[in-house]
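A, B, ... follow the sequence lines: proteins, then strands. Residue 1 opens every chain.
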Protein chains: 4
Amino acid sequence: MRKLGIGLIGTGFMGKSHAMAWKAAASFSGDIQPVLVSVADIDSDAAQRAQQQFGFQRWTNRWQDLIDDPEIDVISITSPNRFHAEQSLAAIAAGKHVHCEKPLAPDSATAERMYRAADRAGVITQVGFNYVKNPLLKMAKKMIADGDLGEIIGFRGIHAEDFLASPTVPWSWRLDPSGGAGAVADLGSHILGMARFLLGPIEELVADLETVIKTRPESPGATTSKAVEVDDIARLTVKFARGCSGHIEANWVAAGHKMQLGFEITGSKGSLIFNQERFNELQYFRFSEDESKNGFVTLVAGPEHYPYGLFCPAPGHQLGFNDLKTIEMLEFIQAIAKGNTAGPDFKEAFEIQKVVDAAVASSRERSWIKI
Amino acid sequence: MRKLGIGLIGTGFMGKSHAMAWKAAASFSGDIQPVLVSVADIDSDAAQRAQQQFGFQRWTNRWQDLIDDPEIDVISITSPNRFHAEQSLAAIAAGKHVHCEKPLAPDSATAERMYRAADRAGVITQVGFNYVKNPLLKMAKKMIADGDLGEIIGFRGIHAEDFLASPTVPWSWRLDPSGGAGAVADLGSHILGMARFLLGPIEELVADLETVIKTRPESPGATTSKAVEVDDIARLTVKFARGCSGHIEANWVAAGHKMQLGFEITGSKGSLIFNQERFNELQYFRFSEDESKNGFVTLVAGPEHYPYGLFCPAPGHQLGFNDLKTIEMLEFIQAIAKGNTAGPDFKEAFEIQKVVDAAVASSRERSWIKI
Amino acid sequence: MRKLGIGLIGTGFMGKSHAMAWKAAASFSGDIQPVLVSVADIDSDAAQRAQQQFGFQRWTNRWQDLIDDPEIDVISITSPNRFHAEQSLAAIAAGKHVHCEKPLAPDSATAERMYRAADRAGVITQVGFNYVKNPLLKMAKKMIADGDLGEIIGFRGIHAEDFLASPTVPWSWRLDPSGGAGAVADLGSHILGMARFLLGPIEELVADLETVIKTRPESPGATTSKAVEVDDIARLTVKFARGCSGHIEANWVAAGHKMQLGFEITGSKGSLIFNQERFNELQYFRFSEDESKNGFVTLVAGPEHYPYGLFCPAPGHQLGFNDLKTIEMLEFIQAIAKGNTAGPDFKEAFEIQKVVDAAVASSRERSWIKI
Amino acid sequence: MRKLGIGLIGTGFMGKSHAMAWKAAASFSGDIQPVLVSVADIDSDAAQRAQQQFGFQRWTNRWQDLIDDPEIDVISITSPNRFHAEQSLAAIAAGKHVHCEKPLAPDSATAERMYRAADRAGVITQVGFNYVKNPLLKMAKKMIADGDLGEIIGFRGIHAEDFLASPTVPWSWRLDPSGGAGAVADLGSHILGMARFLLGPIEELVADLETVIKTRPESPGATTSKAVEVDDIARLTVKFARGCSGHIEANWVAAGHKMQLGFEITGSKGSLIFNQERFNELQYFRFSEDESKNGFVTLVAGPEHYPYGLFCPAPGHQLGFNDLKTIEMLEFIQAIAKGNTAGPDFKEAFEIQKVVDAAVASSRERSWIKI
């Protein structure tokens with residue numbers, strides 16, 4: 001059995017999720033066993049709590065300690081977006097494999113630097129586009145490749161949530177322009193990544209980005225406010241290299257939606273509809289001879305949709321969000337074992353970031369942009 | 001009791017629907033009673049069959065006979081799109097009120113000529129945007145006006161069907177460019193009209209129109225094919241005069257969809273989701289204090305949603321498509337009685353057509369267009 | 001063309017619905033044209049208003065006038081339940097065809113007398129079980145007969161509404177025990193009729209009937225109350241003659257439900273799920289070889305489901321409640337023309353009533369009852 | 001930190017699920033940390049594989065070794081049903097806490113012996129009714145207790161799956177009458193437990209149990225068949241001690257259903273609908289003053305529904321089946337720490353078993369049975 005030392009940076013939403021996922025992945029990773037070596041958080045108390053909660057061997061308030069730790073093979077980065085580049089590059093320089101949350105970088109130039117550094121260093125990278133790890137999306141991709149939908153003729157995708165819908169939600173790192181764009185980067189990267197996962201490269205777009213809530217309290221409960229410079233809603237009309245077009249929306253002020261990450265893909269012979277709000281289901285239509293019995297089929301995730309069966313041998317029992325994260329970490333471990341990316345890696349994140357950058361530019365220039 | 005003589009042009013899908021709607025509306029129109037005077041169809045057999053089926057007093061294969069008929073007060077036009085202008089203008093010139101199916105005209109210049117003619121003649125007009133006659137959409141409009149959603153910040157609309165999805169569907173009048181654009185005019189006008197009905201004028205857009213199926217059989221079963229020049233899919237990013245933006249799609253090659261005419265409207269305090277596939281339902285979300293019980297409410301049409309109660313005093317029994325058409329005709333009769341448009345009238349159809357024209361121009365020029 | 005004189009008794013919910021349906025059916029009934037001869041209501045104003053609204057030739061406040069009217073061929077009965085027997089028998093005695101709303105009679109002995117009288121008189125009868133006229137239910141019946149579901153092994157049906165959920169709803173004729181049982185007769189007869197329509201006779205049952213709200217105001221707003229003697233909720237476990245069993249619930253105090261009339265039928269090879277709340281849809285499952293693509297198909301009503309196409313040539317446009325009523329009247333007209341019942345006729349209503357009676361008896365005796 | 005030694009019996013579906021759940025629960029159990037000491041399976045290879053997969057310290061093919069192991073504090077039982085009693089009693093006798101999968105025993109007499117033994121020994125017990133651990137069901141229970149639904153007047157519950165729908169599925173331990181009844185015990189115990197969790201004791205019932213598939217292959221692919229003696233479908237009409245009644249179905253031949261475990265609870269002021277197929281949602285209706293905006297609200301699980309927030313701080317991300325199992329184990333650990341049952345314990349399983357036994361007796365005697 002080979003041990004894989006894990007160093008985790010950050011202990012928030014994604015920090016906890018990574019810790020749980022590394023632990024859970026150990027049940028499926030066979031000969032390579034992840035070991036929780038150390039956790040770093042600038043807040044010492046948070047670091048110490050996470051160490052105890054998840055059983056890390058040690059903690060630190062300096063992320064650089066993880067980079068210097070010889071027992072650590074993998075750096076798992078869940079810090080605020082603006083630190084992703086520095087931390088990733090340091091980890092790569094130290095020859096460590098890197099799993100970094102999305103968005104990888106504030107812009108594609110930085111993302112490019114990062115993926116090239118990783119390439120040169122020969123380390124394996126992965127970026128936290130966890131939603132494409134869904135067994136039903138693996139099947140969707142296969143169905144498209146197999147021609148079940150015929151020739152693809154259209155895409156409509158969205159990632160909308162409402163966690164910033166209230167103007168009383170204060171300014172935070174997600175709104176910091178030094179971390180990159182707003183909703184189009186934070187949520188848009190998920191649906192753009194999903195679109196690329198299923199249909200391949202996007203080569204041209206026209207986009208419209210809006211800041212709906214122009215100012216927010218500087219901090220929770222503050223009476224002073226701070227201008228918001230990043231987008232709350234982004235609307236993109238895109239052309240895929242394969243020939244079809246589509247529309248994509250990113251929106252974090254979408255009242256009522258907690259996880260409206262979804263798409264409809266139309267082909268000449270059929271179509272697929274997916275919504276992360278019910279991510280154990282996939283709607284599938286295919287024209288059949290008997291029109292009286294035509295209609296969308298609701299496919300329900302089960303063991304016939306790999307790797308659902310790792311978690312449960314019975315269909316319909318449902319995976320949860322953390323299970324997607326577990327699949328993500330499992331595939332990263334397997335990629336490290338094989339020396340091959342499991343994707344989405346830094347290169348893919350760079351490609352997604354180019355689309356995000358193009359959206360920002362298109363909106364500013366109010367014109368179509370080639371990517 | 002005052003009689004209102006009806007002359008119907010066309011006996012296809014919409015012709016039959018008009019005939020049934022005029023008859024049904026009579027049960028609700030009180031002192032003004034529509035009378036089915038005459039029906040015209042270029043195909044004499046069809047005209048005669050329609051006369052017998054619906055109880056018209058006479059039939060003709062010349063639509064001009066209706067114009068000349070002194071017993072006819074209203075011309076109901078359901079002929080192929082390219083005849084709408086000529087027939088409407090003739091009816092207006094004869095001082096008759098005109099109900100015309102959409103799209104009203106191949107372009108906005110023609111539509112403008114038509115609405116100005118009607119204005120000058122002092123006749124009442126209406127255009128067949130039947131879906132906005134839905135009692136739940138009347139409530140949606142009122143909810144928006146009442147501020148139930150707060151300030152409106154986004155719109156996403158679609159009208160997608162699949163009746164032209166198969167490349168074996170032959171060329172037909174819907175694809176004839178002399179009748180105007182393709183999906184964006186035929187289906188798009190419905191969702192554009194709905195967007196305007198709910199949120200008011202659109203003042204700018206960028207659009208992308210595509211012809212997915214480039215050629216079709218010249219006629220049913222033909223081995224010779226004919227090039228398709230109009231759009232199968234249209235994607236519009238629009239800005240409303242009220243300040244919010246949105247996305248709109250029109251698509252008649254959308255595998256699996258028979259009537260995906262719907263929208264999601266997002267406001268600062270709540271949102272609405274509608275889909276014509278289940279048009280007796282409206283999804284309504286509004287932020288409330290108790291987050292644990294927050295969620296979308298499924299409103300079901302009932303007598304508290306006027307004019308549902310005309311048809312049924314019990315909720316949940318459901319209106320059908322033809323009932324929407326009946327409401328449309330009823331409101332037209334009432335408009336004639338009061339001398340006021342019930343809308344959408346020729347002027348409104350002209351405004352919608354301007355958006356369609358702008359979409360065509362924007363797609364050709366690949367740029368944002370002011371309307 | 002043959003004229004069929006219609007006399008309508010009652011002008012409430014069902015009275016209006018019948019009037020509209022007879023008018024609408026005329027568009028599809030070809031050579032036999034229903035003519036609205038006269039309408040009767042004990043309230044003269046109501047009768048007169050209905051005459052004007054729907055275009056009856058005359059009105060009366062004595063239903064007996066319709067029986068005596070030589071121009072009337074068909075009596076359409078929509079009066080309170082306790083009058084159904086007397087009026088039907090009088091109509092039959094006068095040699096008229098009878099359409100009567102359900103429940104036909106307060107008990108099966110009366111219903112038997114009625115159907116035997118009709119048989120002897122050779123008149124055609126029909127009872128207002130309108131929901132089985134749904135094109136999708138016709139298909140469901142055919143699918144079952146064709147073996148699409150394999151051998152039927154189970155049924156679960158319900159008709160639940162909430163119009164009597166509030167204890168402030170006053171006592172009314174629906175609660176009058178002289179009109180028969182409560183929810184099990186009023187709503188239960190619909191789902192029992194649907195069960196029989198699809199699966200055939202029920203031969204044994206055990207039932208539990210409850211009166212949830214024990215007293216109600218004597219009249220709207222009254223401070224005096226009156227005891228309720230009929231059931232609010234009925235739960236039946238039934239055995240069908242074909243060998244399978246099932247459960248049926250009738251409930252008119254079901255908070256939140258306006259029209260939860262539905263079923264799930266399970267067979268050895270597949271199953272069907274239906275709910276009147278979305279009656280243009282039918283869920284169909286059938287085991288297939290590829291388990292990864294198995295699931296319920298949502299069938300949407302369209303012209304391939306006869307007689308949807310009479311109303312609309314395009315799928316997905318949706319029929320409404322009144323359209324079901326129109327189909328009902330159309331089939332009754334056609335039955336009169338052919339001299340054959342279209343069903344459900346008085347005989348069928350008698351069979352349904354026997355099940356209702358058995359449910360009442362089983363609940364009282366707390367035991368299984370053979371029918 | 002206190003360590004809690006875990007010994008697991010069985011390595012199938014539930015065995016794996018327990019192992020993952022114990023590991024995951026460690027992240028939330030604070031000062032008491034479960035330790036995977038040993039795993040037993042009669043199949044040595046399976047035991048060894050499980051030891052490696054989940055990181056147990058040792059394995060054995062004799063479950064008695066776990067009972068004798070002084071480092072083991074808790075026995076987690078996932079063996080075939082017929083072994084539950086013997087293994088539980090041995091563990092209790094050794095002073096160990098016991099978590100046992102359901103059904104606890106083949107009959108209520110045995111279950112009673114088991115819970116009394118645990119009581120005398122002062123050990124904490126729990127039975128694997130994992131579905132009631134759902135955060136939304138905890139809220140449902142609280143809503144009912146708080147009177148959000150008013151007085152409860154009706155229940156309709158079901159647990160239907162289709163894993164035994166095909167007659168080619170061979171005979172197995174689930175069909176062994178020495179392990180107890182069929183669907184009513186295996187699936188029915190879940191919905192009966194859920195009914196009791198939400199509404200309290202059931203005191204009377206009438207039931208009908210059926211064996212739909214009378215014989216099955218003796219083993220996979222066998223040509224010889226074996227008679228099935230247990231029920232495939234059970235239908236119960238029940239009376240709750242609180243005064244309301246309801247219907248419950250258990251069914252493991254329900255074509256198309258993988259996890260139709262759900263209920264509708266009706267109260268005088270509102271109602272709740274739940275379905276395990278979408279267990280991160282709960283439908284809630286409550287009568288409100290404005291009837292035009294009345295309807296079922298779809299509540300979506302989020303951090304405001306404890307303990308969802310342990311897994312994820314953002315709403316709508318969804319828990320999976322294994323997360324429910326983790327909550328179950330976490331609550332068991334906490335119960336051990338406090339010396340109080342977290343429920344459902346052996347006593348509760350005994351109460352559920354009494355209902356199952358009554359259903360079997362009622363069906364045999366074809367009469368109402370008091371419990």
_Residue, of C/Asp162, C/Ile158, C/Asp208, C/Val206, that accumulates the most heavy atom pairs under 4.5 Å with chain D_ = C/Asp208
*When only heavy atoms count and the cut-off is under 4.5 Å, which of residues 226-253 of chain C reach chain D?*
C/Ile233, C/Arg235, C/Thr237, C/Lys239, C/Gly243, C/Ser245, C/Gly246, C/His247, C/Glu249, C/Val253
*Sort by residue number and list every member of residues 194-202 of chain C having a non-hydrogen atom under 4.5 Å from chain D.*
none
*So which of D/Ala160, D/Gly256, D/Ala254 has the biggest tally of heavy-atom pairs under 4.5 Å with chain C?*
D/Gly256
*State whether the side chain of D/Ser271 and the backbone N or O of C/Ala255 hold a donor-acceptor pair below 3.5 Å, judged by distance alone.*
yes
_Structural part of C/Glu151 lying under 4.5 Å from a heavy atom of chain D_ = neither
_Using only non-hydrogen atoms and a strict under-4.5 angstrom cutoff, which residues of residues 273-299 of chain D touch chain C?_
D/Ile273, D/Phe285, D/Phe287, D/Phe296
*Would one find more than 12 heavy atoms of other residues, nucleotides or ligands at under 6.0 Å from atom NZ of D/Lys269?*
no
*Count the heavy-atom pairs under 4.5 Å between each of D/His257, D/Glu210, D/Lys258 and chain C, then report the option with the highest count.*
D/His257
*Could you list which of residues 363-371 of chain C have a heavy atom closer than 4.5 Å to any heavy atom of chain D, in residue-number order?*
C/Arg366, C/Trp368
